[in-house]
Amino acid sequence: MSRPYEHKAVEARWQAYWEGARTFQSAEDASRPKYYCLEMFPYPSGRIHMGHVRNYAIGDVVARYKRMRGFNVLHPMGWDSFGLPAENAAIERGVHPQKWTKENIAYMRSQLRRMGLSYDWTREVTTCEPDYYKWNQWFFIKMYEKGLAYRKRSSVNWCPSCETVLANEQVEEGQCWRCDAVVIQKELEQWFFKITHYAEELLQGLTTLTGWPDRVLAMQRNWIGKSLGVEVDFPLAEPKADLPAIRIFTTRQDTIFGGTFMSVAPESPLVERLIEGRPQAASVREFVARVSRQEKAVRIAADREKEGVFTGAYAVNPFTKARIPIWVANFVLYEYGTGAIMAVPAHDQRDFDFAKQYGIPIRLVIQNPAGTLAEDRLDGAYEEQEAAGRLVNSDRFSGLPVPEAKTKIAAYVEEQGLGRRTVNYRLRDWGVSRQRYWGTPIPMIYCPACGVVPVPERDLPVELPKDVPFTGKGSSPLARAESFVQAACPKCRGPAKRETDTMDTFVDSSWYFLRYCSPQADRQPVDPAASAYWMAVDQYIGGIEHAVLHLLYARFFTKVTRDLGLTRADEPFLNLLTQGMVTKETYRCATHGWLIPTDLLGSEGEGWRCATCQGPVQKGRVEKMSKSKKNIVDPERLIETFGADTARLFSLFAAPPEKDLEWSDSGVEGASRFLGRIWRLLGDLHPQAGGPASTGEPTPRVADLRRLTHRTIKKVTDDIERDFQFNTAIAALMEFVNGLYKFAAERQADPSGSPSGAAAAEAAALREAAEALVLLLAPFAPHVAEELWEALGHPPSVAQQPWPSYDPALVASERLTIPIQVNGKLRSKIEVPADSTEEHVLALAQQDTKLSEWLQGKPPRKVIYVEKKLVNFVV
RNA sequence: GCGAGAGUGGCGGAACCGGCAGACGCGCGAGACUUAGGAUCUCGUGGGAAACCGUGGGGGUUCAAGUCCCCCCUCUCGCACCA
């Protein structure tokens, strides 16, 4: 056992053991409480990165800990394996996306195995396999049948050079990320999922997610963006038979008397109706064309100049009866509300800016408490929403505080038949069509006779054809695969065409956690009995970057799945841990840009120089590891050099999980050193020699050791239970090891022990300590723990041992150190028996000679005694 | 602008309910063992000669404040013309 610690051999040995013994395979077992621990599955980009290491190390500790606590743990892993990089590999290097993806998965799977993660690999899910994406298609059809999937025209990002739609995140500063062409907006027929159907439930459900971070809840709440307001019809001054009025949505109906004009979104079909036959028509059309050519990101920027053009048409403010002009304005969003607004320049900053620019009158209808506002002296809108503001110039509503006016006017609108109270959501339906190859084919057929026809369930999956051209140009590869496009109509058997768009890859990740419950189910995407047992996920762990999109889509799909009767879960993820980023310092040369550490000359002290040009190098900020910043550390090298246990331990110790983790070479060495210290400690102590319960006299040394053991068990357990504070749990293990070294040194200095039998008592206490240490270490550094567990004379596997428990009686100290303060400042400390009375402690404290200088013989004015904590004399 | 979070030694970070600020690790210093040490083990390590001073800054509450209250500064992240 005093052999050196060989991480490669030890880790390979136990990985093979776990696999052979199927240690981590899980099955439903109604007799035990289940625990579903899930980390976000990776995109198979080729190699794992430090973010994966951190994510999966955290999840693995949770899974292993819960297993030792007696839970039936489900801990699966899979591959989010559809997506653009695979297609780009095909375009750039001629590798088929499937080959590229499969090779990446094989490699990354081997990397994850080398990390010693406790996955049930029999449940592995790969989204690009037909037996998975078949169910995407199944969901799509079910949703189509329920009216939750529909087709409509909408505006999308379009790269004119690549001739394809780009996702928002593929547009960089208005340009195509691949060819740098300027991206334009284009109207296209697209498939949508009606996530807005669940808007209210998705919002309300957030209140049940008490195990989610506040900021993620806030982000989802903002994203859903519920607003209560009213829709009001503003009659046209010259009404048309089919267009008597323009409907607006507002949350500020209290300001309606201040509405001095209206604005319509440029994309609105209202625009054409309003300008028909008017002299303004040409200039309005020119304006609309100019605005719609602008890239969305530019147009939507909040600091964008307010621009507009008068349509020539007028409406009547239904409250003031004033004739008000109707404008087209660039800041009005067609997709939100009714695409038209009433403009109240006195109380809305955007309308104020607009009115100032075009000389439109301003009418003050809310006065501040000081009464200092005047229409001709306003230098900005008064946007008061609280009771401090009171209505003026508002007929019968004048004098009311704002909140009350909102209610009263809303009621009045309904009484008078001018409109109705309504709720608006910022959330839009989810556009899922992608003009890409490497995704799930949308299972729809267009028949000239029957129209849109879903592919019958028995014909699923609609498989991706393998033999298609990858050029990156022209329409999507599927559209040019004739044999794929041509299909028989399922209804009339006549010639028809397939949909050639594929689904957004976010669809794949919206229900994979359900699939893990029954990955082999072949009649349904998820077996209801399996999901009833395993769902919901007890702990979900992943990056904050998915705070809205993935997590919202997954919540949506869970509700759809529930309504299809396949799961009982309302929410997929009970507890969410958003781990921080892995960061590292950056270096930058003025001429050669970001540099990797091996491109640096010099040292920290004398300053860095660029190896290429000898020029000075700026030490940059600590940033998220990224290829472009050249501050990446490859986990493979880390594991190769130090082993998986060290890699895991470092990522868990250097920072609490939810905070950013700054990479540190010396920190890694520290983690490695700690494991070596444990290895040598247990090797040198020979604790296996210790017998069972001892009859010997417990010496103070033994009592101290047992107290340390039981305190450590308590501390590590508490830290894991309290929000997975692994960094402090590991710190406690380090203190434990330090204490054991001290114990060993003392025993060596005085080997006999004083009374007879002490040696046996010591051996027993030592054995207890050694076993506790190995068990507590097992979730963090599982390979070392298995090896040591065996060395202690136990059969494998430590992963299946129960978590150690502590004896509260042993945790408590017999003596306490009580700090003594004078006027709140620490002046002395006394040691007392733990069961001392207040009188006893105070008497001892007052006798303390160190205090005489501060008390100066006078009796204290006041004495504060906090039991077992401290004494404070106030003089 | 709105929302969330953060600011503590040379560094990463502890301090759970208002009760000894700086656990643990890194780094650094000293010693031991050694042919040697970048291995290992032990000890020390917030600043200051000291009185004292110290948790971004300024006020306050309290016997006692990193922690509670008020004001301010800086940084990070998210959302952002949503009517």
Side-chain angles (χ1 to χ4, degrees), chain A residues 4 213-219 221-223 225-227 229 248-253 255 263 299-306 329-333 335-344 347-351 353-354 383 424-428 544-545 547-548 580-581 621-622 650 653-656 658-671 673-674 676-677 680 715 718-719 722-723 725 727-735 737-738 741-742 744-745 817-829 860-866 868-875:
Chain A
D214 286 342
R215 63 173 176 151
V216 176
L217 295 174
M219 284 162 80
R221 205 170 285 121
N222 290 341
W223 190 265
K226 181 182 186 177
S227 350
I248 60 101
F249 171 75
T250 182
T251 57
R252 294 302 308 270
Q253 60 272 18
T255 66
S263 296
R299 203 186 128 194
I300 232 83
D303 52 2
R304 182 94 192 134
E305 202 179 319
K306 310 280 174 283
N330 66 341
F331 66 90
V332 179
L333 304 173
E335 312 91 69
Y336 187 77
T338 61
I341 60 164
M342 71 167 185
V344 185
H347 306 292
D348 182 290
Q349 191 58 40
R350 296 158 300 179
D351 297 341
D353 296 343
F354 196 87
E383 295 184 323
N424 246 291
Y425 298 93
R426 207 188 75 113
L427 181 69
R428 310 268 203 283
I544 185 78
E545 64 271 21
V548 175
M581 300 180 298
R621 304 196 322 175
V622 172
F650 166 73
F653 176 64
E658 68 284 354
K659 291 228 247 168
D660 285 355
L661 167 73
E662 190 179 336
W663 175 264
S664 148
D665 289 321
S666 47
V668 172
E669 282 165 30
R673 211 174 291 161
F674 172 59
R677 230 167 119 71
R680 286 186 299 274
K715 170 78 175 149
D718 289 351
D719 282 352
R722 178 169 62 95
D723 282 333
Q725 298 298 300
N727 54 332
T728 51
I730 293 168
L733 290 177
M734 289 171 169
E735 287 183 81
V737 170
N738 293 345
Y741 266 91
K742 195 169 262 175
T817 304
I818 302 286
I820 312 297
Q821 297 180 336
V822 177
N823 290 336
K825 294 194 180 193
L826 180 70
R827 295 306 181 192
S828 182
K829 290 181 183 182
R861 200 152 53 84
K862 193 173 174 185
V863 180
I864 310 284
Y865 174 72
V866 183
K868 298 189 180 190
K869 277 277 171 62
L870 109 176
V871 174
N872 187 12
F873 294 111
V874 185
V875 295

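Letters go in sequence order (proteins before strands), and every chain restarts at 1.
Both distances falling under 3.5 Å, in either a Watson-Crick or a G-U wobble arrangement, occur for no nucleotide opposite B:U55. Across every strand in view, B:C16 sits unpaired, with no contact that passes the Watson-Crick or G-U test at under 3.5 angstrom. Pairing for B:C81 is absent, with no Watson-Crick or G-U wobble pair whose two atom distances lie under 3.5 Å. Judged by Watson-Crick or G-U wobble contacts below 3.5 Å, the nucleotide B:U62 has no partner. In this structure B:U34 sits in no base pair that meets the Watson-Crick or G-U test at under 3.5 Å. Using the Watson-Crick or G-U wobble rule with both distances under 3.5 Å, B:G27 pairs with B:U45. As the counterpart of B:G5, B:C75 is assigned, both hydrogen-bonding distances of the Watson-Crick or G-U wobble pattern falling under 3.5 Å. Searching all strands for a Watson-Crick or G-U wobble partner of B:U67 with both distances below 3.5 Å returns nothing.
Checked against B:U42, B:A80, B:A83, the side chain of A:Thr250 finds its nearest nucleotide in B:A83. Of the listed nucleotides (B:G19, B:C82, B:G27), B:G19 has the atom at the smallest distance from the side chain of A:Val866. Of the candidate nucleotides B:G25, B:A83, B:C16, B:C16 has the atom nearest to the side chain of A:Arg722. Nearest to the side chain of A:Phe653, among B:A14, B:G12, B:C82, sits B:G12. The A:Phe331 side chain lies nearest to B:C81 when the options are B:U40, B:C24, B:C81. The A:Asn872 side chain lies nearest to B:A64 when the options are B:A14, B:A64, B:U40. The side chain of A:Lys869 lies closest to B:G19 when the candidates are B:U42, B:C24, B:G19. Taking the side chain of A:Phe249 as heavy atoms from C-beta on, and the options B:U40, B:C82, B:A83, the nearest nucleotide is B:A83. For A:Ile864, the listed nucleotide lying nearest its side chain is B:G19; candidates were B:U40, B:G19, B:A14. Side-chain proximity of A:Thr251 to B:A83, B:C53, B:C24: nearest is B:A83.
Across all strands shown, A:Pro213 has no heavy atoms under 4.0 Å from either base or sugar-phosphate atoms. In this structure, A:Lys829 reaches the bases: a heavy-atom distance under 4.0 Å links it to at least one base atom across the strands shown. Across all strands shown, A:Ser227 has heavy atoms under 4.0 Å from sugar-phosphate atoms exclusively, and none from any base. Using a 4.0 Å heavy-atom cutoff across all strands shown, A:Gln349 reaches no nucleic acid atom at all. A:Arg252 comes within contact range of the sugar-phosphate backbone alone, with a heavy-atom separation under 4.0 Å but no base atom that close. In this structure, A:Asn738 reaches the sugar-phosphate backbone alone: every heavy-atom distance under 4.0 Å involves primed, P, OP1 or OP2 atoms, never a base. Across all strands, A:Lys226 comes closer than 4.0 Å to no nucleic acid atom at all (heavy-atom distances).
Base orientation of B:C68: anti, since the glycosidic angle falls outside 90° of 0. With a glycosidic angle no more than 90° from 0, B:G9 adopts the syn conformation.
Phosphate contact (OP1/OP2 of B:C53, side-chain N/O of A:Lys825, threshold under 4.0 Å): present. Phosphate contact (OP1/OP2 of B:C41, side-chain N/O of A:Tyr741, threshold under 4.0 Å): present.
Rounded to whole Å, the distance from CG on A:Leu870 to C1' on B:A65 is 13 Å. A:Leu733 places its CG atom 11 Å from the C1' atom of B:C24, with the value rounded to the nearest Å. Regarding A:Arg677, its CZ atom lies at a distance of 13 Å from the P atom of B:A39, rounded to whole Å. Here B:C26 presents its P atom at 16 Å from CG of A:Leu661, a figure rounded to the nearest Å. Distance CD (A:Glu735) to P (B:G25): 8 Å, rounded to an integer number of Å.
Where A:Glu669 and A:Ile730 each meet RNA chain B at their nearest nucleotide, the meeting point lying more 5' is that of A:Ile730.
With both ends at atom P, the span from B:G29 to B:U35 equals 24 Å, rounded to whole Å.
A donor-acceptor contact under 3.5 Å is not formed by the side chain of A:Lys862 with the base of B:C63.
Under a 4.0 Å N-O distance rule, the pair A:Asp719/A:Arg722 qualifies as a salt bridge.
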#### Entry: Nucleotide-resolved protein contact map, nucleotides 1-10 of chain B, B/S/- at heavy-atom distance under 4.0 Å
--SS------
